[in-house]
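Encoded as structure tokens, the structure appears first; notes follow it.
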Amino acid sequence: MSIPSAPGRLRPARDINDRGETVLSRRVLEKTASQVARDETFAGGSSGGFLGIGARADLSARPDASVELAGNIASLKVTVGLPYPIALRQATEQLRRRISDRVTELTGVEVRQVDITVSWLKPAGTELSRRRLQ
């Protein structure tokens, strides 16, 4: 048994411009940029401390990122730490390209500029091992 369709009960077609819009907050872009920098590059951030006091260099932490957003165009500033020795110019260019491409791909926001600040360099072999209580 089929249910007869009622004539005139179909939903009217909506104009594509009436569907609303998706708005990303600035904070979402900042977290996306810092996560991309941590997960997909060799850069690190700072961890620990309170209000910036006592923070330590940590290659496994997310770098800090800030965003200036104008419509669908973003300008990023990322503060990172890098392992040492490393070719800084090549490393920052690679980091800049990766963050720009990946943030654009993930969010749909066009990234026009990425400023990289290297706040610290961490020499290889300086990982602090955890002390063991005996």
Side-chain angles (χ1 to χ4, degrees):
M1 179 173 175
S2 66
I3 299 172
S5 62
R9 301 233 353 143
L10 296 175
R11 292 175 55 180
R14 296 182 75 186
D15 185 19
I16 196 166
N17 294 326
D18 293 340
R19 294 184 182 172
E21 62 182 323
T22 302
V23 178
L24 287 176
S25 91
R26 187 178 51 82
R27 188 72 188 131
V28 170
L29 288 171
E30 289 172 351
K31 284 189 174 186
T32 303
S34 68
Q35 193 71 35
V36 166
R38 188 191 79 177
D39 290 349
E40 300 181 13
T41 67
F42 37 79
S46 298
S47 64
F50 180 71
L51 298 175
I53 300 170
R56 66 179 190 282
D58 186 357
L59 286 172
S60 64
R62 265 194 330 213
D64 291 329
S66 64
V67 173
E68 289 183 27
L69 191 59
N72 200 31
I73 298 171
S75 192
L76 301 168
K77 292 181 181 175
V78 183
T79 303
V80 299
L82 297 173
Y84 181 81
I86 193 167
L88 287 176
R89 186 174 297 197
Q90 293 171 347
T92 55
E93 186 55 38
Q94 181 182 359
L95 186 59
R96 182 176 294 114
R97 219 175 309 119
R98 186 65 184 161
I99 290 171
S100 175
D101 292 347
R102 198 72 174 124
V103 169
T104 299
E105 179 184 331
L106 291 171
T107 64
V109 174
E110 180 184 347
V111 176
R112 287 238 174 117
Q113 182 176 350
V114 179
D115 293 332
I116 306 278
T117 301
V118 178
S119 62
W120 49 265
L121 297 171
K122 190 168 193 171
T126 59
E127 291 293 324
L128 297 175
S129 61
R130 295 189 88 145
R131 288 193 251 169
R132 295 171 65 186
L133 296 175
Q134 295 180 0

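Only this structure's heavy atoms are used, side chains among them; waters, hydrogens and symmetry mates stay out. All figures in this text were calculated on a predicted structure; none of them were measured in a lab.
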Q: Would you mind reporting whether V118 and T92 have side-chain heavy atoms less than 4.5 Å apart?
A: yes
N/O donor-acceptor pairs under 3.5 Å from side chains in residues 68-79, not counting sequence neighbours:
| residue | atom | partner | partner atom | Å |
| --- | --- | --- | --- | --- |
| N72 | ND2 | G108 | O | 3.4 |

Please list, one pair per line, the donor and acceptor atoms closer than 3.5 Å that link side chains of residues 95-102 to other protein atoms, with sequence neighbours excluded.
| residue | atom | partner | partner atom | Å |
| --- | --- | --- | --- | --- |
| R96 | NE | V114 | O | 2.8 |
| R96 | NH1 | E93 | OE1 | 3.0 |
| R98 | NE | E40 | OE1 | 2.8 |
| R98 | NH2 | E40 | OE1 | 2.5 |
| R102 | NE | E40 | OE1 | 3.3 |
| R102 | NE | E40 | OE2 | 2.9 |
| R102 | NH1 | E105 | OE2 | 2.9 |

Q: Report yes if the side chains of S47 and R56 come closer than 4.5 Å at any heavy-atom pair, otherwise no.
A: yes
Q: Any chance you could measure L88, atom CG, to I116, atom CD1, to the nearest 0.5 Å?
A: 11.5 Å
Q: Mind listing the closest non-hydrogen atom pair of A61 and S46 along with its distance?
A: CB-O, 3.8 Å
Q | Minimum side-chain heavy-atom gap V109-V67 below 4.5 Å | A | no
Q: Decide side chain to side chain contact (heavy atoms under 4.5 Å, CB included) for L106 and V36; before the verdict, give the C-alpha distance in whole Å, the side-chain angles of both, and the deciding distance to 0.1 Å.
A: CA-CA 10 Å; L106 291 171; V36 166; 4.1 Å; yes
Q: Report yes if some heavy atom in the side chain of L29 is under 4.5 Å from a heavy atom in the side chain of V103; otherwise report no.
A: yes
Q: Rounded to the nearest 0.5 Å, what's the gap from CG on D39 to OG on S60? Could you check?
A: 11.0 Å
Q) Should Y84 and V80 be counted in the same cluster of Ile, Leu, Val, Met, Phe, Trp and Tyr side chains packed under 4.5 Å apart? A) yes
Q) What pair of heavy atoms forms the shortest contact from W120 to G44, and how long is it? A) CZ2-C, 4.0 Å
Q. To the nearest 0.5 Å, how far apart are OG in S34 and CG in D64?
A. 7.5 Å
(Q) Within the structure provided, determine whether F42 and L59 are in side-chain contact (heavy-atom separation under 4.5 Å). (A) no
